[in-house]
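Please read the structure below before turning to the comments.
Here the structure is a predicted model, which is why all the values come from computation and not from measurement.
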Amino acid sequence: MAAQKPSIPKGTRDFTPQEMVRRNYIFDTIRAVFRRYGYLPIETPAMETIETLTGKYGDEGDQLLFKILNSRPHEARDENQKVKMREAFERTLEQNTNTPVLTEKALRYDLTVPFARFVVQHQHEITFPFRRYQIQPVWRADRPQKGRYREFYQCDADVIGSNSLLNEVELVQMIDDAFTTFDVPVTVKINNRKILSGIAEVIGEKERIVTITVAIDKLDKIGIEGVNKELGENGVSASAIEKLQPLIAFTGDYAAKRELLRNMLAGSEVGQKGIEEVDFIFAKVAEAGLQSATVELDITLARGLNYYTGAIFEVKANVGSLSSSICGGGRYDDLTGIFGLKDMSGVGISFGADRIYDVLNELNRYPADVTMSTQLLFINFGDEDGNEAFRTLHKVRRAGIAAEIYPDAAKIQKQFKYADARQIPFVAVIGESERTAGKVMLKNMQSGEQELVALDELINRLT
RNA sequence: GUAGGUAUAGCUCAGUUGGUUAGAGCACCAGAUUGUGGUUCUGGGGGUCGUCGGUUCGAACCCGAUUAUCUACCCCA
């Protein structure tokens with residue numbers, strides 16, 4: 001029988017040690033930022049009950065849920081149950097339905113909805129306003145392509161139970177902190193759902209807000225003509241499209257854009273509110289100053305419209321070939337309402353660790369010490385020399401130096417080759433002469449120099 | 001769901017209008033070098049050319065189907 005060809009599911013990846021140290025650097029950096037801003041860690045299960053997840057991400061999102069088949073279906077004792085399962089299975093083959101008889105769990109699609117569930121379930125243990133961060137994988141049955149995976153990590157920070165726009169300001173600062181550390185210049189695009197509502201209102205197409213925002217969101221890709229065409233095809237009136245033109249065609253700085261909106265949205269209360277909110281965020285961000293990120297008011301930004309009610313954020317790298325967003329977020333006025341806890345406003349952002357990893361890899365922008373692991377390798381000659389090396393290794397580790405011994409008394413070339421391949425910067429040789437002298441031959445692998453030193457001296461040099 | 005591209009050694013890829021025994025680089029193993037790695041030299045192991053079928057005297061190459069994978073659209077981190 002031929003050996004089974006090993007493989008992993010579509011859209012998933014293995015990570016080698018070399019990749020993991022880089023990924024950990026990304027997670028550590030983001031986690032440090034979260035902690036610095038007072039966010040607290042939580043974790044939730046990889047799977048949620050299917051009711052928790054369905055209907056939260058729109059029809060599109062429901063399609064992308066990885067559903068988990070109920071365990072041990074063949075063990076259903078009840079004949080009735082088996083009949084139901086068979087029927088449910090037939091129905092599932094015909095159309096995409098959620099059938100608890102077959103599946104009552106699904107893998108989490110994002111971290112926000114599980115967080116909302118968490119807040120409601122633990123509301124009596126939580127001190128509000130609650131700032132939580134969460135760094136865990138999520139799963140989507142999407143078609144994989146560049147920057148898009150079926151299993152990927154999100155790094156979320158959300159504040160719940162506070163309406164203050166200071167939270168939004170801080171989120172922008174956190175984005176700036178993280179990407180400044182990564183040395184990746186980014187643009188933070190900011191919009192506000194209330195502005196979008198105001199626009200829909202003043203052009204007389206209040207009900208078609210989703211159509212309108214989805215269309216103008218594509219402005220970059222399909223141009224003004226394309227946007228107008230799509231609007232018309234979706235039933236937006238010619239006069240409404242006409243009124244929209246100055247906005248779509250607009251070019252200019254923040255002040256000019258703001259003035260245009262102010263005039264245009266004069267008749268819309270919600271629109272004015274949106275402008276005020278954006279003004280506040282821009283003013284505060286400018287006042288504190290950003291290190292490397294640039295912020296931009298982008299009224300074509302409309303992602304996650306299904307649930308965002310206030311600010312909308314999206315972050316793109318200004319360098320590299322990845323055009324999709326590497327971080328996004330916004331405010332939801334009623335994050336937990338669906339689980340029965342009313343009037344809890346939340347705002348948060350999500351760093352796409354895997355896309356940040358792709359960007360950093362392309363730019364090869366990692367600090368030199370990120371890849372450092374073992375500092376010192378002991379050559380193993382076996383017998384009494386090997387024992388002495390092992391004893392010395394123990395002392396070196398106690399001194400806080402990451403060290404290891406080649407476990408087998410293999411040929412010396414092989415052991416040195418190993419040190420080289422592992423990029424271990426120092427090698428210690430203890431043979432008979434060193435052992436009787438009570439010293440260690442310490443070799444610097446980069447310079448090739450070696451020197452007979454006492455243990456104290458060795459520890460001194462490596463710390 | 002729609003549209004393209006690709007599939008040859010562990011990895012990255014060559015492979016002429018279809019022609020005899022399918023190649024390179026890297027990686028791996030051994031030796032030159034029995035207490036010294038990176039460079040060099042020599043030798044070695046590895047492939048039903050994704051799978052199935054068709055055309056042909058003859059297919060890695062042409063045709064069809066199928067599977068996998070990548071890219072773009074939709075949507076999204």
Euclidean distance, atom CZ of residue R108(A) to atom P of rC76(B) [Å, nearest integer]: 20 Å
Distance, P atom - from rA60(B) to rA72(B), rounded to whole angstrom: 34 Å
Any-strand Watson-Crick or G-U partner of rU66(B), both distances under 3.5 Å: rG50(B)
Sugar-phosphate only, base, or nothing, as touched by C155(A) at under 4.0 Å among non-hydrogen atoms: nothing
P gap between rU42(B) and rU33(B), integer Å: 16 Å
Within 6.0 angstrom of K316(A) NZ, more than 12 heavy atoms from elsewhere: yes
Nucleotide paired to rG1(B) in any strand shown, Watson-Crick or G-U, under 3.5 Å: rC73(B)
Derivation and outcome, ring pair (Phe, Tyr, Trp, His ring centres under 6.0 Å), residues Y308(A) and Y332(A): CA-CA 5 Å; Y308(A) 291 139; Y332(A) 319 65; 5.1 Å; yes
Atom-to-atom span, NZ of K146(A) to P of rG4(B) - whole angstrom: 22 Å
Sugar-phosphate only, base, or nothing, as touched by K218(A) at under 4.0 Å among non-hydrogen atoms: sugar-phosphate
Nucleotide rC75(B), atom P - distance to CZ of R150(A) in whole Å: 19 Å
Mutual orientation of the aromatic rings belonging to F282(A) and Y254(A) [parallel < 30°, tilted 30-60°, perpendicular > 60°]: parallel
Complementary nucleotide of rG37(B), counting Watson-Crick and G-U pairs under 3.5 Å: none
Atom P, compared across rA7(B) and rU12(B): separation rounded to whole Å: 12 Å
Separation of atom CG in D217(A) from atom P in rC75(B), rounded to whole Å: 8 Å
Sugar-phosphate only, base, or nothing, as touched by G147(A) at under 4.0 Å among non-hydrogen atoms: base
C1' atoms of rU16(B) and rG23(B), separation to the nearest Å: 14 Å
Spacing of the C1' atoms in rG64(B) and rU56(B) (rounded, Å): 16 Å
Nucleotide rA77(B), atom P - distance to CZ of R148(A) in whole Å: 10 Å
Listed nucleotide nearest any side-chain atom of R143(A), set rG37(B), rA3(B), rA77(B): rA3(B)
Plane angle bin for Y366(A) and Y25(A) - parallel if under 30°, tilted between 30 and 60°, otherwise perpendicular: perpendicular
Under-4.0 Å side-chain N/O to phosphate OP1/OP2 contact, Q145(A) with rA72(B): yes
Rounded interatomic separation in angstrom, taking CG from L111(A) and P from rA77(B): 11 Å
Heavy-atom donor-acceptor pair, N191(A) side chain to L301(A) backbone, under 3.5 Å: yes
Crowding at CD, Q291(A) (>12 non-hydrogen neighbours, <6.0 Å): yes
Residue pair D62(A) / T54(A), side-chain donor-acceptor N/O under 3.5 Å: no
C1' spacing across the pair rG45(B) / rU6(B), given as an integer number of angstrom: 29 Å
Base versus backbone protein contacts along nucleotides 29-35 of chain B [heavy-atom cut-off under 4.0 Å; B, S, -]: --S-S-B
Which nucleotide in rC75(B), rC70(B), rG37(B) has an atom nearest any side-chain atom of P144(A): rC70(B)
Under-4.0 Å salt bridge between E48(A) and K56(A): no
P gap between rG10(B) and rG50(B), integer Å: 13 Å
Residue mapping more 5' on RNA chain B - nearest nucleotide basis, K10(A) or S324(A): K10(A)
Upstream residue (5' side of RNA chain B) when Y149(A) and I8(A) are each assigned their closest nucleotide: I8(A)
Parallel, tilted or perpendicular: ring planes of F118(A) versus F130(A), cut at 30 and 60 degrees: parallel
Per-pair stack call F152(A) and rA77(B), 5.5 Å, 30°: yes
C1'-based separation of rA68(B) from rG58(B) [nearest Å]: 30 Å
Under 3.5 Å on both distances, the Watson-Crick or G-U partner of rU17(B): none
For rG10(B), the Watson-Crick or wobble counterpart (both distances under 3.5 Å): rC26(B)
Separation of atom CZ in F313(A) from atom P in rA77(B), rounded to whole Å: 14 Å
Protein-nucleotide distance (D420(A), atom CG; rG37(B), atom C1'), rounded to Å: 5 Å
